[in-house]
S.K.: 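Sharing a structure with you now.
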Amino acid sequence: MSTNDEPLVSVDNLQTSFYTEEGEVKAVNGVSYQIDRGERFAVVGESGAGKSVTSLSIMRLIDDPGRIKGGEVTFRSASAVATLARKFPKAVATENNDGFVHVTELRSDSGSVGDDPGATVRDRPKQVATDLHDGDLHVEAGYVDVLDASEDAMRELRGNEIAMIFQDPHTALNPVYTVGEQISEAIRKHLDLGDKAARERSIEMLERVGIPDAEERYSDYPHEFSGGMQQRAVIAIALSCDPSLIVADEPTTALDVTIEAQILELLEELSDEEDVAVQLITHDLGVVAELCDSVMVMYAGKPVERSSVEDLYYEPKHPYTVGLMSSIPRIGDKRDRLDTVPGTMPDLVQLPSGCSFHPRCPYAEEACIQHEPPLVDVESGEPVEDPDPEIHSAACLEYTGELTEGVDFDVQIREDAAADGGESV
Ligand SMILES: Nc1ncnc2c1ncn2[C@@H]1O[C@H](COP(=O)(O)OP(=O)(O)OP(=O)(O)O)[C@@H](O)[C@H]1O
């Protein structure tokens, strides 16, 4: 199998902690997942579940007192590998040298590339073809070992291959530059274009994200844009460098209902048309239903359920997910629906014994206080080693057969409601 058929992002047993006066805050405590090219993947859970820290970790944006303690993050992209190999040839792994840039398939216009494609690239980095440079060595497949990458390489990756959209577009835009200049600046930096070409591309991007009269609006300052238009401009900046992954952290929380729906529609359209994968972080299952294909529910730094969005809606398996589902609002409804799970997230310095959710779980039994449930295939009860998006998995002793009473819930979704954000009864 070519590595291009493999997931774009693979996260394996990621662990990130903050070392505070109170102790070690285990914000991300063994998280694994994968995202395919063009897939829209949601990370959902209450405040403090570890959603943002997971995303910041895969982009290597964790600052003191935080530290990524362990795990592996792999980003498979031939274009990223080609760009990094050309810029940082000493970082290319070969049979004899370590490196965080891995070339797994290489094609040469002028003949053989030998048995060790990494060594070939190391020897002739300036002949590697990229989006910006011609060359006779073509990287067909490869990956970047993100947690081993240098800071310089990460800077290159962020913005070029992985773009970010945050909750508040207002803070993402600089008030003293026009919106157009900010998009042009991003384009000039990443695509090596001159002023005129960058301006033209910026106007195209503004049109692409649905800003009317893009040419005139190019010279507006951010305060002259509405909140929804500002978020569209942020999306234009994110897209202008042709990323393969957009990480969107609560991108619609600051927007009103109608605008929220429009922005989600825009993200969906762009991801379909440009084959961009999206990692969406949200506490809102209505937003997940609207946009995503697959979902990971997090609780206290760990995944507690993983499945397709459809399976999660029609057949949630973890009592925590069921709690989250119990009053999925229609899209845009800003009620704090997560109040519906009584109790609060535990102290991440001193997690409860056994299942972290047991103090809040209506079905908890003695076994739940004693044993930490592994993430298992809900059908077979077998542990899920590799995060397989096809497998519906949950971390609850119900599915390992260790509960005596078992869990007992009944979720009914109105067909029409599921389509527009879902509403469970
Ligand atoms: N700089 C920091 N110092 C100490 N603890 C931190 C820091 N940043 C995050 N944490 C802790 O890590 C845990 C996970 O936080 P994270 O922001 O990932 O949660 P979240 O699920 O994204 O929630 P929210 O929706 O509120 O952003 C929280 O307990 C938080 O207090």
Side-chain angles (χ1 to χ4, degrees), residues 9 11 13-33 35 41-71 73 146-147 162 164-172 231 246-255 260 264 278-288 291-292 295-306 312 318 320-321 323-325 328-329 332-341 343-352 356-357 359-360 395:
V9 182
V11 177
N13 196 21
L14 182 67
Q15 297 155 54
T16 303
S17 287
F18 294 90
Y19 296 88
T20 66
E21 278 179 14
E22 288 73 43
E24 178 185 351
V25 179
K26 293 181 178 161
V28 177
N29 194 4
V31 168
S32 306
Y33 62 91
I35 309 177
F41 174 78
V43 183
V44 70
E46 291 166 296
S47 188
K51 308 180 297 292
S52 300
V53 174
T54 300
S55 300
L56 293 171
S57 300
I58 69 159
M59 294 184 287
R60 286 263 310 274
L61 287 171
I62 298 294
D63 290 329
D64 264 358
R67 191 160 61 80
I68 299 173
K69 279 170 61 184
V73 178
V146 170
L147 299 188
I162 308 178
M164 290 164 271
I165 304 170
F166 292 106
Q167 177 171 338
D168 189 356
H170 199 231
T171 51
Q231 195 60 303
I246 292 181
V247 177
D249 194 342
E250 305 273 8
T252 57
T253 307
L255 306 173
E260 170 171 64
L264 293 174
V278 177
Q279 175 168 321
L280 174 79
I281 297 141
T282 182
H283 61 275
D284 187 336
L285 277 165
V287 170
V288 173
L291 184 68
C292 294
V295 55
M296 171 172 80
V297 181
M298 281 187 77
Y299 186 77
K302 292 191 172 167
V304 293
E305 184 158 0
R306 263 192 336 231
L312 193 90
H318 196 285
Y320 177 60
T321 314
L324 293 185
M325 302 271 299
I328 298 173
D333 184 339
K334 300 291 186 215
R335 277 177 302 154
D336 192 356
R337 75 272 348 186
L338 299 181
D339 277 353
T340 53
V341 189
T344 53
M345 188 75 70
D347 178 354
L348 298 183
V349 176
Q350 263 191 320
L351 286 169
S356 300
F357 186 59
R360 295 171 74 184

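Residues: numbered from 1 along the sequence shown. Computed from a prediction, not measured in an experiment: that's the story for all the values here. For ligands, and for the atoms within them, numbers begin at 1 and follow the listed sequence.
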S.K.: For atom 13 (C) of ligand 1, which of the options L348, L56, I281 provides the nearest non-hydrogen atom?
M.R.: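 Looking at heavy atoms only, the winner is L348.
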S.K.: Give a yes/no on ligand 1: does M345 have at least one heavy atom closer than 4.0 angstrom to it?
M.R.: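 Distance cut 4.0 Å: M345 fails for ligand 1.
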S.K.: Rounded to the nearest 0.5 Å, what separates atom NZ in K26 from atom CD in Q15?
M.R.: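 Going from the NZ atom of K26 to the CD atom of Q15 covers 9.0 Å.
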S.K.: Among all the protein's non-hydrogen atoms, which is closest to atom 17 (O) of ligand 1, and how far away is it?
M.R.: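 Residue, atom and distance for the closest contact: S52 CB, 3.7 Å.
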S.K.: State the atoms of ligand 1, each with its element, that fall below the 4.0 Å cut-off from a heavy-atom position in E46.
M.R.: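 Every atom of ligand 1 under 4.0 Å from some heavy atom of E46: 21 (O).
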S.K.: Considering only non-hydrogen protein atoms, determine which one is nearest to atom 3 (N) of ligand 1 and report residue, atom name and distance to 0.1 Å.
M.R.: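 For atom 3 (N) of ligand 1, the nearest protein heavy atom comes out as F18 CD2, 3.5 Å.
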S.K.: Report yes if T54 has an N/O atom closer than 3.5 Å to an N/O atom of ligand 1; otherwise report no.
M.R.: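 Such a contact does not occur with ligand 1.
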S.K.: For ligand 1, is there an N or O atom under 3.5 Å from any N or O atom of G50?
M.R.: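 Yes; the residue has a nitrogen or oxygen that sits under 3.5 Å from a nitrogen or oxygen of the ligand.
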S.K.: Could you walk me through whether Q167 and T253 pass the side chain to side chain donor-acceptor pair (under 3.5 Å) check?
M.R.: CA-CA 6 Å; Q167 177 171 338; T253 307; 4.7 Å; no
S.K.: Can you confirm, on distance only, whether ligand 1 has an N/O atom lying under 3.5 Å from any N/O atom belonging to P65?
M.R.: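 No, no N or O pair falls under 3.5 Å.
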S.K.: Do me a favour and list the nearest non-hydrogen protein atom to atom 25 (O) of ligand 1 with residue, atom name and distance?
M.R.: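 The closest one turns out to be K51 NZ, 3.1 Å.
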S.K.: Closest non-hydrogen protein atom to atom 26 (O) of ligand 1, residue and atom name please, with distance?
M.R.: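 Of the protein heavy atoms, S47 OG, 2.5 Å lies nearest.
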S.K.: Look up atom CD in E250 and atom OG in S52, then write down how far apart they are to the nearest 0.5 Å.
M.R.: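 Between E250 CD and S52 OG, I get 7.0 Å after rounding to 0.5 Å.
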S.K.: Would you please classify the geometry between the F357 ring and the Y299 ring as parallel, tilted or perpendicular, with 30° and 60° separating the classes?
M.R.: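 The arrangement is perpendicular - the two ring planes meet at more than 60°.
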S.K.: Is there a donor-acceptor pair under 3.5 Å between the side chain of Q231 and the backbone N or O of F166?
M.R.: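 At least one qualifying donor-acceptor pair exists.
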S.K.: Can you confirm, on distance only, whether ligand 1 has an N/O atom lying under 3.5 Å from any N/O atom belonging to T20?
M.R.: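 N/O-N/O distance under 3.5 Å: no.
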S.K.: Nearest to atom 11 (C) of ligand 1, what protein heavy atom do you find, and at what distance?
M.R.: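 Answer, as residue, atom name and distance: V25 CG1, 4.0 Å.
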S.K.: Scan the protein's non-hydrogen atoms and note whether one is under 4.0 Å from atom 30 (C) of ligand 1.
M.R.: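 So far as the 4.0 Å threshold goes, atom 30 (C) of ligand 1 is out of reach of every protein heavy atom.
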S.K.: OG1/T344 to CD/E46 distance, rounded to the nearest 0.5 angstrom?
M.R.: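 If we round to the nearest 0.5 Å, T344:OG1 and E46:CD are 8.5 Å apart.
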S.K.: Only counting residues at least two apart or in another chain, list the ones meeting side chain to side chain donor-acceptor pair (under 3.5 Å) with S57.
M.R.: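 Listed in chain order: T16.
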S.K.: Among all protein non-hydrogen atoms, which one is nearest to atom 23 (O) of ligand 1, and what is the separation to 0.1 Å?
M.R.: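 Ranking protein heavy atoms by distance from atom 23 (O) of ligand 1, first comes G48 N, 2.8 Å.
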S.K.: Does ligand 1 have any atom sitting under 4.0 Å from a heavy atom of G66?
M.R.: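 The answer is no, since G66 has no heavy atom less than 4.0 Å from ligand 1.
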S.K.: Got a second to check how far M296's CE is from Q279's CD, nearest 0.5 Å?
M.R.: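 Between atom CE of M296 and atom CD of Q279 there are 7.0 Å.
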S.K.: Can you tell me how far CG of L280 sits from CD1 of I246, rounded to the nearest 0.5 angstrom?
M.R.: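 Answer for the CD1-CG pair, I246 versus L280, is 11.0 Å.
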S.K.: How many angstroms lie between atom OH of Y33 and atom CE of M298, to the nearest 0.5 angstrom?
M.R.: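 One gets 8.5 Å once the value is rounded to the nearest 0.5 Å.
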S.K.: Using a heavy-atom cut-off of under 4.0 Å, does the side chain or the backbone of H283 touch ligand 1, or both, or neither?
M.R.: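 It is neither part, as no heavy atom is under 4.0 Å.
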S.K.: Please indicate whether any nitrogen or oxygen in V53 is less than 3.5 Å from any nitrogen or oxygen in ligand 1.
M.R.: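 Yes - when backbone and side-chain N and O of V53 are compared with those of ligand 1, one distance drops under 3.5 Å.
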S.K.: Could you list the residues that satisfy side-chain contact (heavy atoms from CB on, under 4.5 Å) with K302, not counting sequence neighbours?
M.R.: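 Checked K302 against side-chain contact (heavy atoms from CB on, under 4.5 Å); matches are N29, E372.
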S.K.: Which residue owns the protein heavy atom closest to atom 12 (O) of ligand 1, what's the atom, and how far is it?
M.R.: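 For this ligand atom, the closest protein heavy atom is A27 CB, 3.3 Å.
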